[in-house]
Amino acid sequence: MILSFYYVLISIFIQTPSFEGKWVSVDDETGLEKSIINLYVENEKLYGRIETLLLPEDKGKLCLNCQGSELNTPIEGLVILKGLVKDGEEWTGGTILDPANGKEYSCTLFLNGPSELNVRGFIGFSFLGRTQKWRRFK
């Protein structure tokens, strides 16, 4: 009885932090908070939707350079992370869309503690890209 109580208590404290939830994207050049993105799992794949654009000049913008059905759609509400699969301690194998230029990049996400998310977008090889740090929305 006591042993099972300790097992439950320990399992609560050593749980891996979740990728799911709301994150604030931060521009890696200016340091400005740009948007709130909701990460969610659907059919065992991770997706991310822009819920809110934080900069006043971005409000109401459309994805003018996007392709297909995303062309000229509002950036708020746009799914920018698609189809990432869990691989150990990270999510990878999917894509990230940059609404500024309409291009999709391969993507890997990994946590740097419970409240910082590293978002790596790249072309072809992971070393040919850049990493943004997002912080958990409170």
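In this chain, numbering begins with 1 at the start of the sequence shown. Values below: all heavy atoms of this structure, side chains included; hydrogens, waters and symmetry mates excluded.
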query: Should Tyr47 and Val85 be regarded as members of a common hydrophobic cluster, given that ILVMFWY residues are connected when their side-chain heavy atoms come within less than 4.5 Å of each other, either directly or indirectly?
result: no
- request: Give, for atom CG of Leu55 and atom CG of Asp27, the distance between the pair rounded to the nearest 0.5 Å.
  value: 8.5 Å
- line: Between Ile50 and Ser35 the two heavy atoms that sit nearest each other are CG2-CB, 4.1 Å
message: Testing Val41, Leu117, Leu39, Leu111 one by one against Trp91 for a side-chain contact (heavy atoms from CB on, under 4.5 Å), which residue passes?
response: Val41
- prompt: Do you see a donor-acceptor pair shorter than 3.5 Å between the side chains of Arg135 and Ser115?
  reply: no
query: Going only through I, L, V, M, F, W and Y residues with side-chain contacts under 4.5 Å, is there a path from Ile37 to Phe19?
result: yes
statement: Per side-chain contact (heavy atoms from CB on, under 4.5 Å), Val119 is matched among Asp28, Leu109, Thr108 by Leu109
query: So with a 6.0 Å cut-off around CD of Glu20, is the heavy-atom count from everything else above 12?
result: yes
- prompt: Where do Glu76 and Leu53 come nearest, in terms of heavy atoms and distance?
  reply: OE2-N, 2.8 Å
message: Around atom NZ of Lys103, are there more than 12 heavy atoms from other residues, nucleotides or ligands closer than 6.0 Å?
response: no
query: Going hydrophobic residue to hydrophobic residue with side-chain gaps under 4.5 angstrom, can you get from Ile80 over to Ile123?
result: yes
task: Look up atom CD in Glu104 and atom CD in Glu70, then write down how far apart they are to the nearest 0.5 Å.
output: 6.5 Å
query: Is Tyr105 reachable from Leu97 through a run of hydrophobic residues whose side-chain heavy atoms are each under 4.5 Å from the next?
result: yes
Hydrophobic cluster identity match, Trp134 and Leu46, side-chain contacts under 4.5 Å: yes
task: Could you pull out the closest heavy-atom pair between Cys66 and Leu78, with the gap in Å?
output: SG-CD2, 4.5 Å
task: Please report the shortest heavy-atom distance between Gly31 and Val26, naming the atom on each side.
output: O-CG1, 3.5 Å
- prompt: Side chain of Asn43, backbone of Lys45: donor and acceptor closer than 3.5 Å?
  reply: no
- request: Might you point out which heavy atoms bring Ile75 and Pro99 nearest each other, and give the distance in Å?
  value: CD1-CB, 3.9 Å
field: Minimum side-chain heavy-atom gap Thr95-Cys107 below 4.5 Å
entry: no
- line: d(Leu71 CG, Cys63 SG) to nearest 0.5 Å is 7.5 Å
message: Any heavy-atom pair between the side chains of Thr52 and Lys59 that's under 4.5 Å?
response: yes
statement: So OG1 of Thr73 and CG of Leu64: to nearest 0.5 Å the spacing works out to 9.5 Å
Test item: Lys86 side-chain N/O and Gly88 main-chain N/O as donor-acceptor pair under 3.5 Å: yes
Glu42/Arg49 salt bridge by N-O under 4.0 Å criterion: no
Over 12 foreign heavy atoms within 6.0 Å of CD, Glu44: no
task: Kindly give the heavy-atom pair with the smallest separation between Val79 and Leu81, and that separation in Å.
output: CG1-O, 3.4 Å
- prompt: When rounded to the nearest 0.5 angstrom, what distance separates CD1 in Ile96 from NZ in Lys82?
  reply: 11.0 Å
